[in-house]
Amino acid sequence: MYLYHFLCFGFRYSVLPDFCMLSSRVRLIPRTVRLVHSLIYNSCHSSMDLKALLCSLNDFASLSLAESWDNVGLLVEPSPPHTVNTLFLTNDLTEEVMEEALQKKADLILSYHPPIFRPLKHITWKTWKERLVIRALENRVGIYSPHTAYDAAPQGVNSWLAKGLGVCTSRPIHPSRAPNYPTTGTHRVEFSVNGTEDLDKVISAVKRIADVSVTSFSTRTDNEEQTRISLNCSQEALIQVVAFLSQSRQFYQKTEILSLEKPLLLHTGMGRLCTLDESVSLATMIDRIKRHLKLSHVRLALGVGRTLESPVKVVALCAGSGSTVLQGAEADLYLTGEMSHHDVLDAASQGINVILCEHSNTERGFLSDLRDMLGAHLENKINIILSETDRDPLHVV
């Protein structure tokens, strides 16, 4: 009875003096405490409706950050309603990992890499990816993939990879843009109008065009009072606006057309360019990376004229496959999972060292941090577990 109350209120057994006086037979209590505490902790988890969970996951890292070519979001959905008690995290969803997820009673699998990338023309037992879909649906397990949305996120995979370098400042190599324009429309058209009669006629005409918003203000040009018209419009409406203005030489010759851009997002985007507070030797940096990724070996291409004692001050990194993201980045070292043979040669010819760790080895360790971050973000409403069978398919032998 005492043990039950003592656990529910979360006290340690050492704060109860009477327990300290018990015989040596009670030394097993700490182990029992841990076991019962674990059971109580797990039973305290509630559950979440799948749709509510997906909204929370999108709040954590918006899928709008993903690359346009990527296949992210909910890939497999059991028939609604679907309740999630256990969220299962993995870097790659293989058949072995699927078996583990089913054994651990997962309701939703968050697979960093999308197991469905190219369209499936049929769902049969013939290929392993089709079998994943079949088993998921048969067992009412959803599959969700964030992939490049987590690459771009400020608290995502690339930021985690940068933690292994040492104290540094970092910025995205290719910053992401906001999903929406700061104002209505994709273009801004500005021109001047003389005279009240022309002004009323023009404003009335442009307001009849769909997807156009109009503002006006007074200006003085060459000692002449004028009204400046500024309108925002969509790409489709721009054609109609230009067609209208071209009817008047006065308007058309003084028209300015601006293409609006979505604003850049701070600390968000692909890759990271990291500047160390203090330079270290390449050998030291290799040791740091191995320790952070828990690897005994990495692949190294020395830049032309470089040695293991050469200083490293700036590191350009990209989790996974970095050829495209790292291309052209000015750095002492490129760090990624894999690059093409010729891209490595190009970098080395410029004196840039290259470290390759295999694709998923630069990503998988992030999942431990993700589990903790999602636990806090979801207020521990569901049980979140990591795969124990997920691993990179390549091994050094």
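Please read these numbers as outputs of a predicted model, since none were measured by experiment.
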Rounded to the nearest 0.5 angstrom, the OG1-CG distance for T86 and D107 is 5.5 Å
Only pairs at least two apart or in different chains count here, so list each ring pair (Phe, Tyr, Trp, His ring centres under 6.0 Å) that has a residue in residues 63-108. none
So, T362 side chain and G320 main chain: donor-acceptor pair closer than 3.5 Å or not? yes
Report the C-alpha distance between V315 and D332 in whole Å, list the side-chain angles of each, state the deciding distance to 0.1 Å, and finish with yes or no for side-chain contact (heavy atoms from CB on, under 4.5 Å). CA-CA 6 Å; V315 180; D332 303 308; over 6 Å; no
Is atom NE2 of H342 surrounded by more than 12 heavy atoms (other residues, nucleotides or ligands) closer than 6.0 Å? no
Tell me, do Y150 and W160 make a side-chain contact under 4.5 Å, heavy atoms counted? no
Answer yes or no: is there a donor N or O on one side and an acceptor on the other, between the side chain of S234 and the main chain of A237, under 3.5 Å? yes
Under 4.0 Å between a Lys/Arg side-chain N and an Asp/Glu carboxylate O for R364 and D92? yes
Cluster check L378, L108: I/L/V/M/F/W/Y, side chain < 4.5 angstrom: yes
How many angstroms lie between SG in C233 and CG in L260, if you round to the nearest 0.5 Å? 8.5 Å
In this structure, CG of L57 is separated from OG of S62 (nearest 0.5 Å) by 11.5 Å
Whether the S192 and R228 side chains hold a donor-acceptor pair (N or O, under 3.5 Å, no angle test) is what I'd like checked. yes
Taking K104 first and then E388, would you say they form a salt bridge - that is, a charged N and a carboxylate O separated by under 4.0 Å? yes
Could you give the distance from CG (D211) to CD (Q240), rounded to the nearest 0.5 Å? 9.0 Å
Rounded to the nearest 0.5 Å, what's the gap from CG on L333 to CD1 on I286? Could you check? 8.0 Å
Short N-O contact, E95 and R135, less than 4.0 angstrom: no
Among side-chain atoms of E96 and T389, is any donor-acceptor pair under 3.5 angstrom? no
Between R208 and S204, is there a side-chain donor-acceptor contact under 3.5 Å, judged purely by atom types and distance? yes
Taking the side chain as every heavy atom from C-beta outward, state whether R131 and M98 have any atom pair closer than 4.5 Å. no
Side-chain heavy atoms of I289 within contact of M285, under 4.5 Å: yes
With a 3.5 Å distance limit and no angle check, can you tell me whether D343 reaches the backbone of M339 through a side-chain donor-acceptor pair? no
Stepwise, does the ring pair (Phe, Tyr, Trp, His ring centres under 6.0 Å) test hold for H395 with H297? CA-CA 10 Å; H395 304 274; H297 298 85; over 10 Å; no
Kindly say whether V314 contributes a backbone atom to a donor-acceptor pair with the side chain of E330 at under 3.5 angstrom? no
In terms of side-chain heavy atoms, does S79 have a donor or acceptor partner in R140 at a distance below 3.5 Å? yes
More than 12 heavy atoms from other groups under 6.0 Å of CD on Q327: no
Do the side chains of L75 and V97 join up, straight or via other hydrophobic residues, at under 4.5 Å, putting them in one cluster? yes
Donor-acceptor side-chain pairing of T148 and D70 below 3.5 angstrom: yes
Under-4.0 Å salt bridge between R299 and E358: yes
Interatomic distance, L335 atom CG to L293 atom CG [nearest 0.5 angstrom]: 7.0 Å
Can you find a heavy atom in the side chain of L53 that is under 4.5 Å from one in the side chain of Y144? no
Taking atom types as modelled and ignoring hydrogens, do the side chains of T186 and Q235 form a donor-acceptor contact shorter than 3.5 angstrom? no
If you count heavy atoms of other groups shown closer than 6.0 angstrom to NZ of K262, is the number above 12? yes
If we count only N and O atoms by modelled type, under 3.5 Å, do the side chains of D151 and Y112 hold a donor and an acceptor together? yes
Taking the side chain as everything from C-beta on, heavy atoms only, tell me whether V354 gets closer than 4.5 Å to L300. no
Taking atom types as modelled, find out whether R188 and N232 have a side-chain donor-acceptor pair closer than 3.5 angstrom. yes
Look at the side chain of N58 and the backbone N and O of L63, then say whether any donor-acceptor pair between them is shorter than 3.5 Å. yes
Main-chain N/O of L165 paired with R288 side-chain donor or acceptor, under 3.5 Å: yes
Quick one, R177 and L265 - any side-chain contact, counting heavy atoms below 4.5 Å? no
Can K126 and E130 be counted as an ion pair, charged N to O under 4.0 angstrom? no
Between N353 (side chain) and G303 (backbone), is there a donor-acceptor pair under 3.5 Å? yes
For H267, does the NE2 atom have more than 12 heavy-atom neighbours from other residues, nucleotides or ligands under 6.0 Å away? no
